[in-house]
Number of protein chains: 2
Amino acid sequence: MKPSNTEVTKQITDVEHGDCLEINKILARIGEKWTILIILLLAYEPKRFNEIKKAINGISQRMLTVSLKSLERDGLLKRTVYEIMPPHVEYELTPLGQSLTQPINELVSWTRGHLSELKTARDNYDEQQLAKEGSGKTPWQKMAEPLEK
Amino acid sequence: MKPSNTEVTKQITDVEHGDCLEINKILARIGEKWTILIILLLAYEPKRFNEIKKAINGISQRMLTVSLKSLERDGLLKRTVYEIMPPHVEYELTPLGQSLTQPINELVSWTRGHLSELKTARDNYDEQQLAKEGSGKTPWQKMAEPLEK
DNA sequence: CGGTATCCGAGAAGATACTG
DNA sequence: CAGTATCTTCTCGGATACCG
């Protein structure tokens, strides 16, 4: 589609007409509210259901069950049931899940490293939206006022 | 809080009680339906609104607007309005946005590299759920049947 | 061309109650 | 302990219409 000059280009052309949909679905799953927290939590040791629930602040029982099942279904974690009374269920990352912690950690690092930049950008943006009130610009620009918050 | 043996451990302890919420929000944004596609699309050259719309198959006008605004608000991309008639608006990644393409591409690579594993895992899982019918196991195991699809 | 505003339906997610 | 079931609420995202 265009001469390539960076490695990125290769990615793009693949993404545009390849398994793009599949990939995006996986990435959406990773971006789901609790997935990353769970994966990172289990990254260095297996945990039991209620351990995870306690460790992750604010997750409901339902969402934990659902999330764990998704991850198990994708082969990212293994569920082990010890048939004793009372029940004992352990969750741990599979090798596949472990391998995912690498790229995830890089994303987390990136985010942590740019947290202040992101916040500053947001503040600037919100501020400018407010300032747009009566800025004597052309209608093409005034239109863009979202005026929420 | 256990003795650490991998780098991951450090990440975790930070995540558990730090800016964990903020980070997760950013990651959720990245996982949103169209964000990655947009970022990757703009990674190697700026594009206009309708160019993006055409390039990304299936996105609605509304969602493109919304997504672009989120990204602009976070300082990941810049919106340039050329005040001519008809209007001409260009979107391009900021340096911050560019820097994000790296970790994202690694995530994309990981996903592409493990696509078949993921699919296999899903198929296995779904198959086993069906097989659970009358498997003479303990009630603790039979309970876990979701029986959907 | 590049949006905004509004309405609507589907699915995600929370709260609560119950169970092997 | 580790879930399931159900109900309700909330958010996302598509369709449509309109506008500077």
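What you see is a predicted model; the values in this text were computed from it and never measured. Reminder, nothing fancy here: chain letters follow the sequence lines and each chain counts from 1.
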Peer 1: Check the phosphate of dG14(C) against Lys33(A), side-chain N and O only, distance under 4.0 Å to OP1 or OP2. Yes or no?
Peer 2: yes

Peer 1: Let me know the distance between CZ of Phe49(B) and P of dG20(D), rounded to the nearest Å.
Peer 2: 18 Å

Peer 1: Assign each of Val66(B) and Lys54(B) to its nearest nucleotide of DNA chain C by heavy atoms, then name whichever residue's nucleotide is nearer the 5' end.
Peer 2: Lys54(B)

Peer 1: N/O contacts under 3.5 Å, protein versus nucleotides 6-8 of chain D?
Peer 2:
none

Peer 1: Does a salt bridge link Arg48(A) with Glu90(A), judged by any charged N lying under 4.0 Å from a carboxylate O?
Peer 2: no

Peer 1: Kindly check if the number of other-residue, nucleotide or ligand heavy atoms within 6.0 Å of CG (Asn57(A)) is above 12?
Peer 2: no

Peer 1: Measure CD/Glu32(B) against P/dA12(C) and give the value in whole Å, please.
Peer 2: 15 Å

Peer 1: Taking the side chain of Thr65(A) as its heavy atoms from C-beta onward, which of dA2(D), dT4(D), dG14(D) lies nearest to it?
Peer 2: dT4(D)

Peer 1: What integer distance in Å separates Leu64(A):CG from dT4(D):P?
Peer 2: 11 Å

Peer 1: Tell me what Tyr82(A) touches on the nucleic acid: a base, only sugar-phosphate, or nothing, going by heavy atoms under 4.0 Å.
Peer 2: nothing

Peer 1: Compare all side-chain heavy atoms of Lys119(A) with those of Leu115(A) and state whether any distance is below 4.5 angstrom.
Peer 2: no

Peer 1: If every non-hydrogen atom of Ser99(B) is compared with every non-hydrogen atom of Pro103(B), which pair is closest and at what distance?
Peer 2: O-CD, 3.3 Å

Peer 1: Closest to the Met63(A) side chain: dG3(C), dA2(D), dA13(C)?
Peer 2: dA13(C)

Peer 1: Is Tyr91(A) near enough to dC1(D) that one of its side-chain N or O atoms lies under 4.0 angstrom from OP1 or OP2?
Peer 2: no

Peer 1: Measure the distance from CD1 on Ile59(A) to P on dG3(D) and round it to the nearest whole Å.
Peer 2: 12 Å

Peer 1: Is the closest side-chain donor-acceptor distance between Ser70(B) and Arg29(B) under 3.5 Å?
Peer 2: yes

Peer 1: Can you name the one residue among Arg79(A), Glu51(A), Lys47(A) that meets side-chain hydrogen bond (donor to acceptor under 3.5 Å, both in side chains) with Tyr91(A)?
Peer 2: Arg79(A)

Peer 1: Side-chain contact test, heavy atoms from C-beta onward, threshold under 4.5 Å: evaluate it for Thr80(B) versus Val89(B) and give yes or no.
Peer 2: no

Peer 1: Calculate the interatomic distance between Met85(B) atom CE and dG20(D) atom C1'; express it in whole Å.
Peer 2: 8 Å

Peer 1: Between dG3(C), dG14(D), dA2(D), which nucleotide has the shortest distance from any of its atoms to the side chain of Val89(B)?
Peer 2: dG3(C)

Peer 1: Starting from C1' on dG14(C), measure out to CD on Gln61(A) and report it in whole angstrom.
Peer 2: 12 Å

Peer 1: Of all the nucleotides listed (dG2(C), dT4(D), dC1(D)), which has the minimum atom distance to the side chain of Lys69(A)?
Peer 2: dT4(D)

Peer 1: Over how many whole Å does the gap from Ile84(A) atom CD1 to dA2(D) atom C1' extend?
Peer 2: 12 Å

Peer 1: Would you mind reading off the distance between Lys53(B) atom NZ and dA15(D) atom P, rounded to a whole angstrom?
Peer 2: 10 Å

Peer 1: Let me see the working for Leu64(B) and Ile38(B) under side chain to side chain contact (heavy atoms under 4.5 Å, CB included), right down to the final yes or no.
Peer 2: CA-CA 9 Å; Leu64(B) 182 54; Ile38(B) 295 174; 3.9 Å; yes

Peer 1: Choose from dC1(C), dA2(D), dG3(C) the nucleotide whose nearest atom is closest to any side-chain atom of Arg48(B).
Peer 2: dC1(C)

Peer 1: Give the nucleotide from the list dG14(D), dG3(D), dG2(C) with an atom nearest to the side chain of Arg79(A).
Peer 2: dG3(D)

